[in-house]
Amino acid sequence: MIPIWAQLAYLVAAVCFVLALKGLSSPKTARAGNLLGAVAALAAMIITFIVYELDNLPWILGAIAVGCAVGIPAARRVAMTAMPQLVALFNGVGGGAAGLVAFLELSDAETVFPLAAAVLTVPVGAIAFSGSVVTFLKLQELITTRPVTPPAGPTLLAVSLVAVLVLAGFLYAGDGTSAWLGAVLGAVALIVGVLLVLPVGGADVPIVISLLNAATGIAVAASGYILGNALLLIGGTLVGASGTILTRLMAQAMGRSISSILFGAFKGGSTAGGGTVSDRPVRSAGADDVAIMLGYAQKVIIVPGYGLAVAQAQHTIHELAELLEQRGIEVTYAIHPVAGRMPGHMNVLLAEANVPYEQLLEMDTANGQLRTTDVALVVGANDVVNPAARTSPGSPIYGMPILDVDQSKAVVFLKRSMRPGFAGIENELLYDPRTSLLFGDAKASLTGIVAALKSL
Amino acid sequence: MDSEIALLTVFVLAAFTGYEVVSKVSSTLHTPLMSGANAIHGIILVGAVLVTGHADGGVELAIGLLAVVLATLNLVGGFVVTDRMLEMFRGKKTPPGADAATTSPPATGNGNGNGTGPGGSAGPGHGASAGGAA
């Protein structure tokens with residue numbers, strides 16, 4: 001039995017997790033909240049090593065050292081732009097760990113509830129793992145970001161889901177003693193995870209990450225239940241619940257429903273996202289032209305997107321904004337909730353470039369202002385300003401709230417090419433007569449504009 | 001059976017707590033919140049250590065150790081990456097040169113967790129992070 005003081009310490013750690021989540025919900029306290037969570041986790045680990053009599057101690061410490069040696073540099077060196085996929089990967093390995101823990105506990109779980117929890121955690125952990133790996137591959141663009149629908153996809157998914165349930169049933173009936181049955185269960189669940197995430201379109205991937213995050217939380221909670229460890233139970237449940245509501249909030253911000261994200265592609269509704277590029281004429285402009293448009297405007301709104309982040313141009317755009325302000329021009333940034341690759345991602349990137357908070361407009365405010373804007377400068381964004389979301393019911397992004405840059409007097413796109421955005425659909429706005437396009441790497445284009453502006 | 005019901009009670013109450021705590025969050029913080037929650041479920045490391053500590057035989061040990069490595073990645077990597085993300089939000093008037101100085105001390109501090117406080121105050125964070133940790 002664990003001593004009372006240790007149980008109390010676990011309780012304190014659990015309370016710290018609640019406070020950490022609470023802290024993370026507000027900008028002022030977010031960092032402190034995260035640190036509090038880290039300290040609580042560390043304390044819980046130390047207690048675990050003190051209280052339990054553990055065999056294989058050198059091995060365990062070695063494995064922790066390996067995990068730190070890989071995880072810390074990865075987390076420290078990752079570019080801000082690649083953050084979402086790293087979070088996805090960390091989530092996946094957590095799910096994998098929970099699945100493995102449950103697998104090892106299968107034969108030890110004797111009573112009804114813990115056995116059922118173990119039998120369920122193996123597949124949930126495995127799904128969180130393989131699903132997260134697929135989201136990682138999509139975000140890293142190692143596989144296509146478009147929805148992938150294998151010909152027999154829905155059938156395969158249904159068959160493997162049934163297989164998971166049947167195998168879980170057998171495993172439960174056999175008191176969880178059959179290790180190979182557990183292994184097969186895990187393996188089939190891995191396939192389910194892959195099949196579940198493959199059909200999800202690129203723009204929806206962040207929501208799926210959040211959903212898998214919640215799944216991992218539940219797997220961890222179940223592991224805690226099996227082991228009779230209240231800290232794991234509380235920590236996992238907190239994440240499961242908060243992850244679920246966060247998934248819903250994110251989906252709302254994007255005007256999507258969870259079921260349409262997961263199963264939309266199966267219904268064959270994604271044909272509009274064929275990604276064909278038509279060869280209609282567009283109006284392309286040089287850096288000088290853009291500088292003149294901006295330099296003689298009264299009000300400019302910058303719409304930053306993922307392309308800005310990829311080009312590491314957040315500092316250059318800040319420089320451009322300051323130059324314009326010196327000329328007495330009103331400059332603000334319109335931030336779409338999902339600009340970048342994850343909700344809030346763009347705010348992180350611009351904060352990195354010291355852009356003042358007051359200049360960042362949330363979507364609703366920005367849409368009120370765009371009507372009176374002379375130039376909307378869209379840097380490396382596409383889907384979030386695509387009017388098809390308002391006007392074309394067949395489009396995969398229909399219904400997603402967008403920034404109405406088409407309402408402003410002139411629009412300038414800085415783009416690498418005519419290639420469609422992450423959702424893989426064409427943007428009509430590019431062919432509008434009020435739109436000018438400056439092709440090239442966002443940073444190079446912005447540097448050109450800044451130079452031209454200085455010599456105006 | 002009593003302790004099982006007690007755990008079930010804890011589960012239900014924790015679920016409501018988790019739901020309430022994040023029910024109102026601005027979209028700005030969705031990414032850090034997801035990342036922070038992600039780090040918290042890395043506490044599965046406790047579970048991984050427990051099962052590995054009672055593993056019999058090579059296969060169980062190997063599986064357990066794999067779980068420990070994965071869970072450590074989740075826990076440690078998750079907190080470090082969230083901290084880096086949130087560090088960006090603070091940046092008001094940080095001189096450009098100080099950036100490099102800021103990144104390294106807290107990160108080494110995070111490696112052993114309890115070093116985070118001193119590391120944070122060494123940077124130009126005006127001790128805000130250290131105060132938060134305490």
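A, B, ... follow the sequence lines: proteins, then strands. Residue 1 opens every chain. Heavy-atom basis, side chains included; hydrogens, waters and symmetry copies ignored.
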Using the side-chain hydrogen bond (donor to acceptor under 3.5 Å, both in side chains) criterion, which residues pair with A:Q314? Sequence neighbours excluded. A:E352
Heavy atoms only: give me the nearest B:H41-A:V239 pair and the separation to one decimal. CD2-CG1, 3.5 Å
If you count heavy-atom pairs under 4.5 Å with chain B, which of A:N213, A:I47, A:L89 comes out on top? A:N213
Tell me, out of A:L86, A:L360, A:T244, A:D55, who's got the most heavy-atom pairs with chain B below 4.5 Å. A:D55
Against chain A, work out which of B:G78, B:A48, B:A14, B:G36 has the most heavy-atom pairs shorter than 4.5 Å and name it. B:A14
Quick check for you: to the nearest 0.5 Å, what is the distance between B:F79 atom CZ and A:I72 atom CD1? 12.5 Å
Min side-chain heavy-atom separation B:M85-A:V87 under 4.5 Å: yes
Calculate, to the nearest 0.5 Å, the distance between atoms CZ and CG belonging to A:F90 and B:N74 respectively. 8.0 Å
Using a 3.5 Å distance criterion without hydrogens, assess whether the side chain of A:N56 forms a donor-acceptor pair with backbone atoms of B:T52. yes
Once rounded to the nearest 0.5 Å, what's the spacing between atom CG of B:D83 and atom CZ of A:R31? 4.0 Å
With A:S132 via side-chain hydrogen bond (donor to acceptor under 3.5 Å, both in side chains) - residues at least two apart: A:N91
Contact part of A:F129 toward chain B, heavy-atom cut-off under 4.5 Å: side chain, backbone, both or neither? neither
side-chain hydrogen bond (donor to acceptor under 3.5 Å, both in side chains) against A:S210, all qualifying residues, sequence neighbours excluded: A:T247
Among A:L350, A:V78, A:V66, A:N34, the residue with the most heavy-atom pairs under 4.5 Å to chain B is A:N34
Given side chain to side chain contact (heavy atoms under 4.5 Å, CB included), test B:T72 with A:V70 step by step and report yes or no. CA-CA 9 Å; B:T72 310; A:V70 177; over 6 Å; no
How about CZ on A:F49, more than 12 heavy atoms from neighbouring residues, nucleotides or ligands closer than 6.0 Å, or not? yes
Heavy-atom pairs under 4.5 Å with chain B, option from A:A75, A:A353, A:A41, A:G33 with the top count: A:A75
What verdict does the side chain to side chain contact (heavy atoms under 4.5 Å, CB included) test give for A:L104 and B:H54, after you've listed the backbone C-alpha separation in whole Å, the side-chain angles of each residue and the deciding distance to 0.1 Å? CA-CA 10 Å; A:L104 288 179; B:H54 301 284; over 6 Å; no
Minimum heavy-atom distance A:V101-B:A67, with the two atoms named: CG2-CB, 4.4 Å
Side chain proximity check, A:L54 to B:L50, heavy atoms < 4.5 angstrom: yes
At a 4.5 Å cut-off on heavy atoms, which part of B:L73 comes close to chain A: side chain, backbone, both, or neither? both
Among B:V49, B:N38, B:L70, which residue forms the greatest number of heavy-atom pairs with chain A at distances under 4.5 Å? B:N38
Below 4.5 Å, heavy-atom pairs only: which of B:G42, B:A71, B:A37 has the largest tally toward chain A? B:A37
Quick one: closest heavy-atom pair of A:I209 and B:M34, and the distance? CG2-SD, 3.7 Å
d(B:T17 OG1, A:K22 NZ) to nearest 0.5 Å is 11.5 Å
Which bit of A:T29 comes within less than 4.5 Å of chain B, counting heavy atoms only: side chain, backbone, both or neither? neither
Matching residue for B:V21 among A:I245, A:L238, A:V18 - test: side-chain contact (heavy atoms from CB on, under 4.5 Å): A:V18
Heavy-atom pairs under 4.5 Å with chain A, option from B:L33, B:V68, B:V12 with the top count: B:L33
Checking A:I64 against chain B: side chain, backbone, both or neither under 4.5 Å from a heavy atom? both
Using a 4.5 angstrom heavy-atom cutoff, name the option from B:L8, B:V46, B:V10 with the most pairs to chain A. B:V46
Checking heavy atoms, do the side chain of A:T48, its backbone, both or neither come under 4.5 Å from chain B? side chain
Does any part of the side chain of B:L86, heavy atoms only, come nearer than 4.5 Å to the side chain of A:L24, both counted from C-beta? yes
Please flag which part of A:Y52 lies under 4.5 Å from any non-hydrogen atom of chain B: side chain, backbone, both or neither. side chain
Interface check, chain A: of B:I43, B:V69, B:L45, B:V22, most non-hydrogen pairs under 4.5 Å belong to B:I43
Any residues in residues 56-63 of chain B near chain A, with a heavy-atom distance under 4.5 Å, and which are they? B:E60, B:L61, B:I63
Please classify the contact of A:L227 with chain B as side chain, backbone, both or neither, using a heavy-atom distance under 4.5 Å. side chain
Highest number of heavy-atom pairs under 4.5 Å with chain B: which of A:L57, A:T216, A:N229? A:T216
How long is the span from the CD1 atom in B:I40 to the CD1 atom in A:I234, to the nearest 0.5 Å? 12.0 Å
With a 4.5 angstrom heavy-atom cut-off, is it the side chain or the backbone of A:A74 that approaches chain B, or both, or neither? neither
Measure from the side-chain N and O atoms of A:R76 to the backbone N and O of B:V80, and report whether any donor-acceptor pair falls under 3.5 Å. no
From the list A:G71, A:A230, A:A40, A:A97, the residue making the most non-hydrogen contacts under 4.5 Å with chain B is A:A97
